[in-house]
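Notes for the one structure printed next.
Side chains are part of it too, since the values below use all heavy atoms of this structure and drop only hydrogens, waters and symmetry mates.
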Amino acid sequence: MPTAEYFAPTELRDALRLLAERGNQITILAGGTDLVPQFNCRELRPHALLYIGKLGLNYIIAKNGGLAVGSATSLEEIATNRLVFERAPVLAQAAAEMGNPTIRNVATIGGNLATASRAADMPPPLLALDAELSLVSERGERVIPIGEFFKRAHKTVRLADELLTEIRIPSVKGQTAFVRHGRRKVFSCCVASVAVRVVMDGGKCADARIVAGSMASTPVRCLGAEGILQGKHLTSELAVEAAAQAVGECKPIDDDRATAWYRRRVIKVLIERAINRASDL
Amino acid sequence: MADSTNGSSRSFRVIGTRPIRHDGIEKVTGQAKYGADYAFPGMLYGKVLRSPHAHARIKAIRTEQAAALPGVQAIITGADFPDIPGTTAMMGELIVNTHYLSLNVMARGKVLYDGHAVAAVAATSPHIAEEALRLIEVDYEPLPPVMTAAAAMKPDAPILLPEIRSKFIAGRTDPGSPEGPDQPTNVAAHIQFQRGDLAAGFREADYVVEREFRTATVHQGYIEPHNAVALYNSDGHATIYCSTQGTFNVRTFTATLLKMAEGDIRVVPAEIGGGFGGKTTVYLEPLAVLLARKSGRPVKMTMNRAEVLRASGPTSGTWIKAKMGAARDGKITAAQFWMAYEAGAFPGSPFAPGAMCCTGPYNIPNLLIDSYDVLVNRPKVAAYRAPGSPSSAFACESLLDELALRCGIDPLEMRILNGAHEGTPQPAGPPYKRIGFIETCAAMKNSAHYRSRLEGSNRGRGVAAGFWFNGGLQSSAAVNLHPDGTLSVVTGSVDIGGSRAAMAMVAAEVLGVAAEDVRPIVADTDSIGHTDVTGGSRITLATGMAVYEAAEDVVRQLKQRAAKLWEKKPEEIEFSNGRLSAIDNGVKPLTLKEIATRLARTGGPISGRATLNAGAVGAVGNAFAVTCVDVEVDPDTGKVKILRCTVAQDVGRAIHPAYVEGQMQGGTAQGIGWALNEEYVYDEHGILRNTGFLDYRMPTCLDLPMIETIVVEVPNPGHPLGVRGVGEVSIVSPMAAVANAIYRAVGVRMTELPMPPPRLLKAMLQDQPRTEELHPVAAD
């Protein structure tokens, strides 16, 4: 009978020690909503599990006008926390629409990022907010923009000895919107989603973020579409133009939830709606 | 929220009230025992090795390595099962061939679908059992899979079961035609109903519509997976604890498949977490008994969700070609249906009930229905709520909607105009007895929902009707009077939809006591007379009839006791409202409670009993329902929002109206899921892709509005209380109602189920020309 070793340290240094010594053999376990079903179905047979739920990484604190969120914070916490609601409402909304209450109660923001699923719900709003990630190891800390974190589906730049400990959301200007299309109202994987942030200055768009989810192997920041908005008065016609541009920047696939054809059609609509909503059109 | 119409004037004390269900507290506090809750000392855990191929020959199975794993106590394969000759048995509404049932629970020679059982292991822990499965080596020779009826019916299609020959099909089902050629086929059976002169009927029509429909394989989606705990004693007796809709079926099938005597098996019903027809057969029970016999220890087996979806019994995907004609005045002149029902790997789809229900709500003078039972490399289908009827109704009700539009007639008016009533021949021939279809349509037409105006773009209102013939079948009941004047009602009918409350209420009504004074018990197979499945919407009807008669038997005995006490003849005693009195009023009346204390002195305990056969399937209490649904279609994404939904149904008599409404709402919710999102998705190798509830998408409560109900009561003359079966018919009409609403919202006629956003969007972009002006559906 194969068995797995199980570690549940209470000190960060013990966790980092384990990762430094045996990072390649270790599967990091947080909420387990993705991993545990795979263990149960024998799809994944871990040698050793490192549970990070006892490391004190469950927190949301105000920092430099923005937020610092521990990687083991549950999505339910994020969806209902007052600070998040005030400083990063787009993140709260995306968290609230993810899964269902039983999943949100255990799923963590760090797990949602580190799993790097194509359909993950946290990356688009975090990219739209210019979030940064703190990766910690015995070698020290490195902080990277979230846009550099994802390499491809289920693959990130995290090294075997590193632990994603904190998500930092700077104080950013602008109005935001998140629009998601799933096959049900709740408990559905994302077919396509978009997070938008527009910064208005004197009636014109000074800066914009348009980030599409489930539209490629990583979240897609639609720079071309952002450029279309830049420096212009936002109108619904401009939103249509930007959305059309954004579709060209996505590389969706066919899967069990939707075809690439459908994703392209839908993301265009979602981006239009998100721009209109963020700019109160 | 419920409207009630057409209630007869007969008055009741208990029937029609809404007492708290007797099993409610146990269930909401988590104390009720479901199949997987049973445990016994020394119990082992059984797991099933399942085929990774849709169609393959089994060349060899080697179990030695698995057997050597510490903790493994028994392993079984197809070689452990006796050969069972092909005999057919009625299983509720569907016919079962026990030879194929045996091959379905454990493959021999060939695997015929992804998930087909090939071996099972019992071990001291579930984990050891799962590890042992990995050590079993099976050599397969993959064969080409046949995944749809259309593919299976091609002349050169790979053959699933070589013993199925075309000449039997022609000979058995179409007696007029010459015997067909003798060659292998995937078409296992054919049924045909015809009436009138089809060609003449279509010549009379001013409008003829013809379309091809497809519906996907869908699963019942019960929350509790299949389970069984088996004990095999050294005296050769077996006891099975399981979640099933039919304990007596489990006993018969397990005995037959293992060549045991029926009397050597006792089946104890656990609470059941849903079934909807899917738990009327056996999967794990024979395996658990065999593993228990081989290991000498109790064995528990439970499926996980992926096993349930891959290897239990969903209902058929279908392929239907249909044509219907109507005169300008809206009278249907002719209809023709050609239908292929996918049976899965073994014969036995609901192709016959589908044909029997197809045009059931209507009087169509010229009619031809052909329906085929087609083998495909998918799991063998089981019953699912009104099996067969939803698919044929989807076709029939879609065409009828088109004809109503062409004729410029209100869709409910169109249905009333052509509606079946007492004396109208059913599609299968026999005339209806008293039915309430017209009353149901009229109730919907007068409803607040239908009379309301639906405004806004991309919004539409659709209606559709459904028919289900309902089951009668065999039931037994015992009513025991306790010394304190309370009673117990014992039946063999598993309570899947609140039937305990209904049984207690029927007995309470007859005996003049409160529903709370009657304790309803579901007994095991050794403790009550034979009782057929909880299926066919038959429990409140047929088992309720047995309870009614058993309660009357108690009344008879009470009168004898009173006669003895009062030195009168039993005919001189009257019983009403729970009181015994003499016709001549010469004595002080006795209540039930009072006489209950005197049983020992007057002849001993009183126990009433009744056994009956309430009649063949369809012989008693046919049911009709009408669904009205308002939708809004997102023109950019194809997403359908259900704005409002109302179901009207003729229930005969509502014993417990809350549970009747619950059945109507439940069937409607399942129907909407079937309409919009649910389907089995297979890859090109015939492997099921969506093996969990994340991607097998049933609607959640947030996806549906509160479903409004209209309870119509046209009493069933064949039942002492007027009851009709209510469990199934509400699932028949929602699919067509939603499709019709979508058409009226965006002008796109959807002919394939489900209608998820991508498929609807694609259809909307294909610029379908409208052939007629939309007729406003609001009545006033």
Side-chain angles (χ1 to χ4, degrees), chain A residues 1-4 33-34 36-43 45 96-103 117 119 179-194 236 239-240 243-244 247 252 254-274 276, chain B residues 47 69-72 123-135 304-307 634-642 672-673 676-683 687-705 754 756-762 764-765:
Chain A
M1 276 291 290
T3 53
T33 56
D34 191 57
V36 171
Q38 294 184 61
F39 298 159
N40 284 341
C41 298
R42 301 283 197 273
E43 285 168 9
R45 301 177 146 254
E97 290 188 29
M98 187 270 184
N100 59 30
T102 50
I103 291 173
S117 157
V179 186
R180 177 188 200 271
H181 183 85
R183 293 283 295 267
R184 263 191 303 232
K185 277 198 184 157
V186 292
F187 189 40
S188 69
C189 269
C190 184
V191 165
S193 69
V194 62
S236 41
V240 171
V247 173
D254 292 345
D255 66 15
D256 295 335
R257 281 123 206 172
T259 59
W261 172 85
Y262 184 71
R263 286 197 161 94
R264 281 197 193 91
R265 303 261 348 165
V266 163
I267 195 66
K268 184 167 175 294
V269 177
L270 301 190
I271 291 173
E272 282 172 38
R273 290 178 185 175
N276 290 341
Chain B
K47 294 281 173 184
L69 186 70
V72 171
T124 48
S125 87
H127 305 292
I128 294 173
E130 281 172 6
E131 283 306 312
L133 295 184
R134 295 166 57 84
L135 299 173
N304 62 29
R305 183 61 56 193
E307 290 181 287
D634 183 332
D636 298 317
T637 65
K639 205 169 197 170
V640 174
K641 186 177 179 192
I642 306 289
I672 291 172
L676 291 178
N677 257 328
E678 294 179 36
E679 66 181 313
Y680 269 41
V681 180
Y682 282 95
D683 71 10
I687 304 304
L688 187 63
R689 302 274 312 163
N690 51 343
T691 58
F693 280 154
L694 182 59
D695 285 313
Y696 181 85
R697 303 176 193 95
M698 302 196 297
T700 67
C701 56
L702 294 181
D703 295 293
L704 298 171
R759 192 172 286 159
L760 179 54
L761 185 65
K762 205 158 233 174
M764 285 160 67
L765 293 169

*Between chain B and each of A:Asn100, A:Val186, A:Thr259, A:Asn40, count heavy-atom pairs under 4.5 Å; write down the option with the most.*
A:Val186
*With a 4.5 angstrom heavy-atom cut-off, which part of A:Val269 approaches chain B: side chain, backbone, both or neither?*
side chain
*Nearest heavy atoms of B:Pro757 and A:Tyr262, plus distance in Å*: CB-OH, 3.0 Å
*asked:* Could you walk me through whether A:Arg42 and B:Leu133 satisfy the side chain to side chain contact (heavy atoms under 4.5 Å, CB included) test, starting with their C-alpha distance in whole Å, then the side-chain angles of each, then the deciding distance to 0.1 Å, before giving a yes or no?
replied: CA-CA 11 Å; A:Arg42 301 283 197 273; B:Leu133 295 184; over 6 Å; no
*Heavy-atom distance under 4.5 Å to chain A: side chain of B:Asp683, backbone, both or neither?*
neither
*Intermediate values then yes/no, side chain to side chain contact (heavy atoms under 4.5 Å, CB included), A:Arg257 and B:Leu694*: CA-CA 10 Å; A:Arg257 281 123 206 172; B:Leu694 182 59; 3.9 Å; yes
*If you count heavy-atom pairs under 4.5 Å with chain B, which of A:Arg184, A:His181, A:Lys185 comes out on top?*
A:Arg184
*Let me know if A:Arg263 has heavy atoms under 4.5 Å from chain B in its side chain, its backbone, both or neither.*
neither
*If you look at every heavy atom in A:Asp256 and B:Arg697, which pair is closest and at what distance?*
O-NH2, 3.1 Å
*Is any NZ, NE, NH1 or NH2 atom of the basic residue among A:Arg45 and B:Glu131 found under 4.0 Å from an Asp or Glu carboxylate oxygen of the other?*
yes
_Quick check: do B:Leu702 and A:Phe187 have side-chain heavy atoms less than 4.5 Å from each other?_
no
_Could you tell me if the side chain of A:Arg183 sits less than 4.5 Å from the side chain of B:Pro756, heavy atoms only?_
yes
*At a heavy-atom separation under 4.5 Å, does B:Pro699 approach chain A through its side chain, its backbone, both, or neither?*
backbone
_side chain to side chain contact (heavy atoms under 4.5 Å, CB included) for B:Asp636 and A:Glu272? Distances and angles first, verdict last._
CA-CA 11 Å; B:Asp636 298 317; A:Glu272 282 172 38; 5.8 Å; no
